[in-house]
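Every chain is numbered from 1 and lettered A, B, ... according to where its sequence line falls, protein lines coming before strand lines.
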Number of protein chains: 2
Amino acid sequence: MSDERVTFELSKEYLELVEQAIAREDASFIRETMDGVNPADISQLLDEVDGERAKYVLDVLNNEIGAEVIEELEEDTRRDFLEEFEPHEIAEYLVEMESDDAVDIINDLPVKTREQVIASINDPETAAHVQELMRYDEDCAGGLMAKEMIVANINWNVKETIEEIRRQVENVERIYSVYVVDDNYKLKGRVSIKKIILSGDRVKIQSIYDEDIIHVETYMDEEEVADIMQKYDLDAVPVLNLQGKLVGRITIDDIIDVITDQAEEDRQLMSGISSDVEEDDTIWAISKARLPWLIIGMVGSTLGALTMGAFEQELDKYVTLVFFIPMLMATGGNVGIQSSTLIIQSLANRSNFEESLTKRLIKMLFTAVLTGLVLAVIAFIIVVVWKGADQMQFGFVVGTAIIGVTLLASIMGTITPLILDKLDVNPAIASGPFITTTNDILGIVVYLAIANLLLP
Amino acid sequence: MSDERVTFELSKEYLELVEQAIAREDASFIRETMDGVNPADISQLLDEVDGERAKYVLDVLNNEIGAEVIEELEEDTRRDFLEEFEPHEIAEYLVEMESDDAVDIINDLPVKTREQVIASINDPETAAHVQELMRYDEDCAGGLMAKEMIVANINWNVKETIEEIRRQVENVERIYSVYVVDDNYKLKGRVSIKKIILSGDRVKIQSIYDEDIIHVETYMDEEEVADIMQKYDLDAVPVLNLQGKLVGRITIDDIIDVITDQAEEDRQLMSGISSDVEEDDTIWAISKARLPWLIIGMVGSTLGALTMGAFEQELDKYVTLVFFIPMLMATGGNVGIQSSTLIIQSLANRSNFEESLTKRLIKMLFTAVLTGLVLAVIAFIIVVVWKGADQMQFGFVVGTAIIGVTLLASIMGTITPLILDKLDVNPAIASGPFITTTNDILGIVVYLAIANLLLP
């Protein structure tokens with residue numbers, strides 16, 4: 001060992017030193033170099049080692065730090081890690097977490113382990129919280145909320161409230177607001193932590209609390225909760241059950257996860273990657289996630305091929321027809337994606353003052369006609385410049401087809417996300433390869449049908 | 001007027017009542033029905049009326065509420081509204097805002113108005129803050145930060161700190177943490193607001209502050225700040241200048257805006273919509289945002305047409321060749337988008353332990369070969385089933401072309417985002433119509449070249 005003092009650093013060199021330390025079972029190296037390091041950084045380091053080695057590191061750290069490290073791990077890595085732990089060991093970490101994080105981790109365990117872990121939680125409060133939260137669907141407000149929060153009875157004074165904060169200090173990492181309830185635990189309002197600091201001990205909560213408080217209900221969809229918290233710029237929002245009782249709170253960090261996960265899911269759907277893969281997954285995992293949409297795309301374009309087969313005679317007669325198939329396909333595909341994206345965007349920002357569906361569809365059609373006309377003129381010019389003025393008729397066919405395709409692809413691209421949304425399917429899928437391929441094919445069909453109609 | 005008491009509601013009916021009240025200059029109707037209503041809701045209502053009417057409503061409300069309403073308005077609407085106001089009126093609202101929000105609004109004004117508004121700010125502190133913040137680029141940490149925060153000298157005790165909170169109570173909406181500095185305003189650490197509440201008045205800040213504090217620097221890119229705040233689950237982060245002095249703080253609400261704006265920009269780039277349009281913009285605005293990429297797509301596919309023109313003889317001889325052009329195009333396009341998305345995703349989640357570029361490219365190639373082989377077999381089967389076993393040779397051509405296209409599109413799709421990223425262009429554009437069209441064309445070229453080579 002060198003004389004130089006080694007400090008924690010997110011680098012391959014330090015990672016190697018840690019691996020060597022694990023190999024020689026040098027707990028003190030790990031303890032010393034990781035002392036005071038932010039758990040999120042330790043997680044990032046452990047994401048690079050296997051489960052057994054990670055367990056060695058976690059065993060060296062104290063449970064509180066260990067729990068935070070586990071929370072911050074990537075989901076895949078965490079799943080692998082936790083296989084190395086006994087149920088009672090996992091339970092010990094869960095006790096250190098906020099209830100919502102504990103439940104997320106339990107839900108990610110194999111069903112059998114799940115039961116054993118819950119049975120091993122030896123802190124009655126944590127066990128009760130976990131059992132209550134497990135009842136809720138993961139992607140509704142109930143599934144996002146934590147039980148940890150500061151609640152004051154409306155009849156308390158500031159001093160009593162500060163006492164309650166003292167009691168909960170270990171459990172509630174961030175306070176944001178104190179929620180005010182009546183004797184039946186019905187939510188009455190909130191007091192900001194700033195007001196608590198600035199008010200004297202004897203001041204009654206009754207006289208300083210703010211009645212105008214925004215809340216959500218347990219059954220609300222997580223995206224609805226995210227919208228509300230974003231709209232009103234909330235750091236935390238109280239959650240009420242159907243009886244109007246305060247049952248938990250959702251904090252902004254969970255909402256950021258909802259927003260980023262949603263954006264990533266949209267991106268993956270738009271690009272036709274079917275499950276949650278990353279560049280550093282195995283070749284096989286990546287291929288498996290990519291193949292389904294590629295195969296669907298191929299089958300779709302076989303339909304295009306069959307369509308062309310039906311027009312074999314025309315194609316044989318006018319081989320020039322063939323040259324513009326890519327243009328019609330590209331236009332259909334691109335127009336379709338654009339239309340879908342615009343609709344998806346406005347589905348995401350629903351307003352109470354929306355124009356009626358009919359008005360919106362009429363507007364979409366006008367836009368399609370305008371866009372189609374511009375594109376048709378360009379297509380006409382391209383044909384005439386390339387093929388000569390004697391092919392004007394041919395330019396007319398291509399131009400007309402472009403208008404037709406723009407119209408149809410706009411309609412498809414607009415209606416598909418609306419239908420998917422009604423069916424509770426993420427409409428982002430409509431900008432993905434499936435619809436794009438459909439619009440490609442649409443391009444071919446419209447084009448050949450119009451050519452068939454217009455050419456001698 | 002009816003006897004029924006009208007209350008604020010985000011509905012077309014209430015909107016009409018407000019418009020009528022404006023017409024008959026009934027200020028008390030507006031004041032009464034909007035009393036106690038969340039400013040974000042008033043903004044959403046005002047998004048639906050024109051600037052002149054909105055000004056009437058804002059004039060009725062007090063400046064503090066008005067400022068919040070203006071902050072929450074959609075950018076387009078706000079720009080229209082503020083044209084109705086005199087510079088000194090705008091300045092009065094700005095004084096009520098946190099400095100970062102005030103600067104955002106100033107930056108959005110026409111250059112001439114901007115100067116007049118700044119000159120009209122009659123609160124010296126606000127004026128100084130605004131002038132300081134205007135120096136920073138909008139999308140770096142300096143441009144995101146606000147000057148409002150609670151700062152305690154390391155030599156103070158809790159009582160003095162609470163006094164400072166009392167002084168700043170009007171300015172700092174949410175405290176989160178108290179930042180601890182030395183006499184030179186160098187950041188030493190933080191004290192959580194929880195600790196302030198639970199510590200006695202005489203306790204020295206020196207003895208309760210936490211040294212491990214994560215900070216950002218003024219010049220850091222906003223996305224880097226967002227990554228740090230997300231990674232470490234921060235509600236707020238202090239900003240230091242190059243000399244290590246504390247100059248401001250960034251709060252989580254601003255970061256959420258960064259994240260959602262980024263996601264929206266990505267989606268628009270991926271779908272080839274060139275500027276920030278929404279479904280409720282005019283037909284002309286929407287068409288203008290859509291046409292550039294559509295035209296590029298058309299020009300791109302003209303290149304495809306020219307390529308096919310070069311192979312006119314082959315196409316004439318084997319018209320069946322034509323039928324599989326859509327399949328090759330679709331596969332090229334889809335593979336390209338998928339590859340780009342995977343790379344963009346890993347660019348967004350950069351790690352300190354990344355595999356070397358060579359290793360990643362080799363892996364990408366293996367994935368492409370594997371995917372290509374599977375698709376080639378399927379293509380072969382499709383051809384043989386459709387065209388009969390005597391067309392095996394033809395199936396072989398299509399299959400080989402599929403492998404070639406998958407390889408090339410994977411390479412293109414992987415390398416393009418990497419180059420764009422190096423050039424500081426948002427790589428999401430690589431999943432957009434431009435690259436997709438390029439990959440479509442690639443499909444045609446590879447296919448016809450292989451056919452030319454393999455067919456007699």
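Neither the backbone nor the side chain of A:Glu163 has a heavy atom closer than 4.5 Å to any heavy atom of chain B. No part of A:Ala428 comes within reach of chain B, as not one of its non-hydrogen atoms sits under 4.5 angstrom from that chain. With a threshold of 4.5 angstrom between heavy atoms, A:Asn38 approaches chain B through side-chain atoms but not through N, CA, C or O. Both the backbone and the side chain of A:Leu198 come within contact range of chain B, each with at least one heavy atom under 4.5 Å from a heavy atom of that chain. Looking at B:Ile255, there are no atoms closer than 4.5 Å to chain A (heavy atoms on both sides), in backbone or side chain. Contact annotation for A:Asn334: both backbone and side-chain heavy atoms come within less than 4.5 Å of a heavy atom of chain B. When heavy atoms are compared at a cutoff of 4.5 Å, B:Glu211 does not approach chain A at all. For A:Ser11, the part sitting under 4.5 Å from any heavy atom of chain B is the backbone (N, CA, C, O) and nothing else. Using a 4.5 Å cut-off between heavy atoms, B:Gln345 contacts chain A through its side chain alone, with no backbone atom that close. Only the side chain of A:Glu72 comes within less than 4.5 Å of a heavy atom in chain B; its backbone stays farther off. Contacts between A:Val383 and chain B at a heavy-atom distance below 4.5 Å are absent for every atom of the residue. Residue contact with chain B, scored on non-hydrogen atoms closer than 4.5 Å, involves the side chain of A:Gln230 exclusively. Using a 4.5 Å cut-off between heavy atoms, B:Glu9 makes no contact with chain A at all. With a 4.5 angstrom heavy-atom cutoff, A:Leu45 touches chain B via backbone and side-chain atoms both. Both the backbone and the side chain of A:Leu375 have a heavy atom closer than 4.5 Å to some heavy atom of chain B. Neither the backbone nor the side chain of A:Thr161 comes within less than 4.5 Å of any heavy atom of chain B. B:Ser410 touches chain A through its side chain: at least one heavy atom from C-beta onward sits under 4.5 Å away, while N, CA, C and O do not. Of the two parts of B:Asp266, only the side chain, counted from C-beta on, holds a non-hydrogen atom closer than 4.5 Å to a non-hydrogen atom of chain A. Of the atoms belonging to B:Glu48, it is side-chain heavy atoms, and not backbone ones, that fall under 4.5 Å from chain A. A:Ile382 touches chain B through its side chain: at least one heavy atom from C-beta onward sits under 4.5 Å away, while N, CA, C and O do not. Contact annotation for A:Val374: only side-chain heavy atoms (C-beta onward) come within less than 4.5 Å of a heavy atom of chain B.
Of the listed residues (B:Gly36, B:Ala40, B:Pro39, B:Ser287), the greatest number of heavy-atom pairs within a distance under 4.5 Å of chain A belongs to B:Ser287. Among B:Ile165, B:Ile344, B:Thr331, B:Leu15, the residue with the largest count of heavy-atom pairs under 4.5 Å with chain A is B:Ile165. Ranked by heavy-atom pairs shorter than 4.5 Å toward chain A, the options B:Leu234, B:Thr282, B:Asp212, B:Val169 are led by B:Val169. When each of B:Leu370, B:Leu294, B:Ile337 is checked for heavy-atom pairs under 4.5 Å with chain A, B:Leu294 comes out on top. Options B:Leu315, B:Ile256, B:Ile259, B:Asp47 differ in how many heavy-atom pairs under 4.5 Å they form with chain A, and the most are formed by B:Ile256. The residue among B:Lys363, B:Met364, B:Met229 with the most heavy atom pairs within less than 4.5 Å of chain A is B:Lys363. For the options A:Arg174, A:Glu264, A:Arg360, heavy-atom pairs under 4.5 Å to chain B are most numerous at A:Arg174. For the options A:Glu173, A:Lys195, A:Gln262, heavy-atom pairs under 4.5 Å to chain B are most numerous at A:Glu173.
Checked by atom type, the side-chain pair A:Ser339/B:Arg290 shows a donor-acceptor distance below 3.5 Å.
The shortest distance between side-chain heavy atoms of B:Pro326 and A:Met329 falls below 4.5 Å. Using a 4.5 Å heavy-atom threshold, the side chains of B:Gln338 and A:Ile286 count as separate. You'll find the side chain of A:Trp386 reaches within 4.5 Å of the side chain of B:Leu306, heavy atoms only. Contact annotation: the side chain of A:Ile175 never approaches that of B:Ile193 to less than 4.5 Å [non-hydrogen atoms, C-beta and beyond]. The shortest distance between side-chain heavy atoms of B:Trp284 and A:Thr367 does not fall below 4.5 Å. With a 4.5 Å cut-off on side-chain heavy atoms, B:Lys231 and A:Gln44 count as touching.
Contact detail for B:Met327 and A:Ser301: the closest heavy-atom pair is CA-OG, 3.2 Å. Shown here for B:Asp233 and A:Asp253, the closest heavy-atom pair between the two residues is OD1-CB, 3.6 Å. The minimum heavy-atom distance linking A:Lys194 with B:Val172 is given by the pair NZ-O, 2.8 Å.
B:Gln168 pairs by the side chain to side chain donor-acceptor pair (under 3.5 Å) definition with B:Glu164, B:Asn171, not counting sequence neighbours. Applying the side-chain contact (heavy atoms from CB on, under 4.5 Å) criterion to B:Lys12, with sequence neighbours excluded, gives A:Phe353.
With values rounded to the nearest 0.5 angstrom, A:Ile252 atom CD1 is found 7.0 Å from B:Ile252 atom CD1. Summarising the geometry, atom CG belonging to A:Asp41 is positioned 3.0 Å from atom OH belonging to B:Tyr232; distances are rounded to the nearest 0.5 Å.
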Open item on the list: If you apply the rule side-chain contact (heavy atoms from CB on, under 4.5 Å), what do you find for A:Asp235 with B:Tyr176, and how did you get there?
Closed with: CA-CA 10 Å; A:Asp235 298 316; B:Tyr176 298 117; 2.6 Å; yes

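A:Phe366 CZ: 12 or fewer foreign heavy atoms inside a 6.0 Å radius.
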